[in-house]
There are 2 protein chains.
Amino acid sequence: MSESTPATIEDVARIAEVSIATVSRAIHTPEKVAKSTRLKVNQAIAITGYTTNAMARSLRLGRSNMILVVAPDIGDPNFSSILVGLENEARSHGYGVLIGHTQNDAQRALEYLKFLNSNQAAGLILFTGILPFGHETMTARLPPSVGIFEPVFNGGIPYVGIDDIEGARKVVDLLIAEGHRKIAFIGDSRTRLAYKRRREGFDAGLDAAGIRAELRLVQEGDGTLESGRAAVERLFVRDTLPTAFMCVNDQTALGVMIGLKARGYDIPGDFSVTGFDDVPQATFMTPALTTIRQPRTLIGKQAMALLLGLLSDRRPAETEILLRPDLVVRNSVTAPSRRWMAK
Amino acid sequence: MSESTPATIEDVARIAEVSIATVSRAIHTPEKVAKSTRLKVNQAIAITGYTTNAMARSLRLGRSNMILVVAPDIGDPNFSSILVGLENEARSHGYGVLIGHTQNDAQRALEYLKFLNSNQAAGLILFTGILPFGHETMTARLPPSVGIFEPVFNGGIPYVGIDDIEGARKVVDLLIAEGHRKIAFIGDSRTRLAYKRRREGFDAGLDAAGIRAELRLVQEGDGTLESGRAAVERLFVRDTLPTAFMCVNDQTALGVMIGLKARGYDIPGDFSVTGFDDVPQATFMTPALTTIRQPRTLIGKQAMALLLGLLSDRRPAETEILLRPDLVVRNSVTAPSRRWMAK
DNA sequence: ACACACCATGTAAAGGTTTACATCAGGGCA
DNA sequence: TGCCCTGATGTAAACCTTTACATGGTGTGT
């Protein structure tokens, strides 16, 4: 009717000549209303262009159709593909996705907390390993939540990630198969479980091949490009050089490559280098980086599906969903250089 | 009190020994309540941990504190930096950001329309040049909106972008300064205004230098990597070769570089290549791509600021905000090859 | 023919706010 | 003293749904 104000359920009821209760039922539990009435209601809806006011509905129901996604850095290119998965799954179930960007700042995280308290979000997707909110009394009040990549804080919150151990294993196995015996591992000493597991996979691979791990070849960094470069420097002051650098993530690998090139070495001619994550830039590095692909969109999809399940009281089958990591072979790995063999 | 149920305004009122109206006023229009009362209310709020229920508030007010951001592809790495700007600005004004992902699918776009109709979003940020919703009756009902990069549909909606003409001009000017006279332009024939403008800048630059434009050197593509490669092939079947390829965007430039390398040429030794947009991969291409930087985060910030202004009834000062494009000089441009000079 | 069950629908309350309007107290002024 | 104005607070309606409960009508079984 009047185009200015959106139609309410009452407008529909008037036109369909039924009560508003019937309209509501016709929409949400159609099997409870007579076919003929349902028809009238549907016509009235079509005429008015009625859409139910989500605010009123959420208020009445006590929960909204929004999912809050909190990530430390939404500018991270890796984030966007996951977001696609999250969003698709959410939308196809009538949920909307709300974005929160903490930049690892507790203050900001706290502001998002308000969205939860004020019932604006029915569920939570967490990207950080640690609960962003000062977990004090908080944890109790948290709505159904799902973590991405890692278990959240004190557990209890299911998460979706990849099998980091297996992924790392695939990388070492490749290097070993190529003939490498002295493999450096450039790690990340921060508390992320994923990084610990990649190290585990590395150790397991060496072990399985009967290679004695050399602790001198293990360097701890912080996952940044710079830490990769620094690790190279540290290794070169010693006299035990590896023939391959296995890096905990692609950033680190890039740093390693830069460091190696700065010293005039050829990759993979002189040294092989591997990454982990398959960031979009990996294809464009020179040489293109051999790494482990994170099925990002799928991770997002599964995480959202899990959360949506939680929201419908379906208890999660498992508290940990680990997807299969795939090895992406590009050009940064080859057999160890004769140069070092001779030595 | 009871931790199970979030505190309502009534709980606060009871503790502060005032009416709920006073509590509401103490929060939103503190100057209207006596200092002593204000104090009592604040204490009560602290005790209860009260946060106003956004659903109820939005219902009453008739508008929410959510901004819907609709983009054709939220997986696009360029999107994320803009999102950072949007999100920061929104959050600092108490607004939340809702993500919509249309994949250029009208059907999906329509689903987002529901968020608007149902009052779930107070404003709209549009990434597509064309209105995603089948603009029929829609346009009238649209909430305050702001476009990104381009004017939306039939105008009337302000937008924030960069000055594409000036950006393109900076590129041609650089090429010309390096000594290039025969410059190919690999364009995008789709209807995006930005692309038209980049072409305009190209023409203007040539004109200003007194170089006669050769239409044969202008190739229309569709902005994809493949279209860049195809353009190279088309140019090589003719005998008029350029010494430089100016591409409408970085994707196209990458395609051109691949095409050129496949034919055994060196960049920039044999041909110079330029892009536009400065996508994250540009640094990693070989050679690193000389291109135009989009101040993405700033664009997001400004767009959101503009929208927030609209929401407070402040009419926009201008309907078009064009930010300054910066030239990013890397390694894909050099003086024209002697090889062609000799010819 | 009566009781009962069942089905379709209506009535009204509840959910948490905001705000126009009413009320009330106190102070200034004639 | 009486009147009016002002400033602080309270009362209650409205925002739009959903749903428990009530109502009334139809049909089944005895």
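Letters A, B, ... mirror the listed sequences (proteins, then strands); counts begin at 1.
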Check the distance between [N]'s [atom2] and [X]'s [atom1] and give it to me in whole angstrom.
X	N	atom1	atom2	result
L59(B)	dT17(D)	CG	C1'	8 Å
K40(B)	dA8(D)	NZ	P	14 Å
N53(A)	dT17(D)	CG	C1'	8 Å
Q120(B)	dC16(D)	CD	P	15 Å
M55(B)	dT18(D)	CE	C1'	15 Å
R57(A)	dA14(C)	CZ	P	20 Å
E10(A)	dT18(D)	CD	C1'	14 Å
N65(A)	dT17(D)	CG	P	14 Å

Check: Under 4.0 Å: is that the gap between some side-chain N or O of T22(B) and OP1 or OP2 of dG10(D)?
Finding: yes
Checklist line | Short side-chain N/O contact to dA14(C) OP1/OP2 from R60(A), under 4.0 Å | finding: no
Next item on the list: Would you mind telling me which of dT19(C), dT17(C), dC16(D) lies closest to the side-chain atoms of T8(B)?
Entry: dT17(C)
Notebook entry, point to check: T52(B) has a side chain; which of dA12(D), dT18(D), dT17(C) sits nearest to it?
Noted result: dT17(C)
Next item on the list: Before accepting this row, confirm whether a basic side-chain N of the pair K40(A)/E17(A) lies closer than 4.0 Å to the acidic partner's carboxylate O.
Entry: no
Notebook entry, point to check: What pairs meet the ring-ring contact (aromatic ring centres under 6.0 Å, His included) rule with one or both residues in residues 40-63 of chain A, with sequence neighbours excluded?
Noted result: none
Check: Which pairs with one or both residues in residues 55-77 of chain B pass ring-ring contact (aromatic ring centres under 6.0 Å, His included), sequence neighbours excluded?
Finding: none
Check: Within a reach of under 6.0 Å around CD of E10(B), are more than 12 heavy atoms found that belong to other residues, nucleotides or ligands?
Finding: no
Notebook entry, point to check: Do the side chains of V41(B) and V33(B) get nearer than 4.5 Å, heavy atoms only?
Noted result: no
Next item on the list: Grab the two heavy atoms, one from I99(A) and one from L68(A), that are nearest each other, plus how far apart they are.
Entry: C-CD1, 4.4 Å
Notebook entry, point to check: Across the strands shown, which category fits I20(B) at heavy-atom distances under 4.0 angstrom: base, sugar-phosphate, nothing?
Noted result: base
Checklist line | Main-chain N/O of K35(A) paired with T37(A) side-chain donor or acceptor, under 3.5 Å | finding: no
Item checked: Sorted by number, the residues of residues 23-39 of chain A with heavy-atom contact under 4.0 Å to DNA chain C -> R25(A), V33(A), A34(A), T37(A)
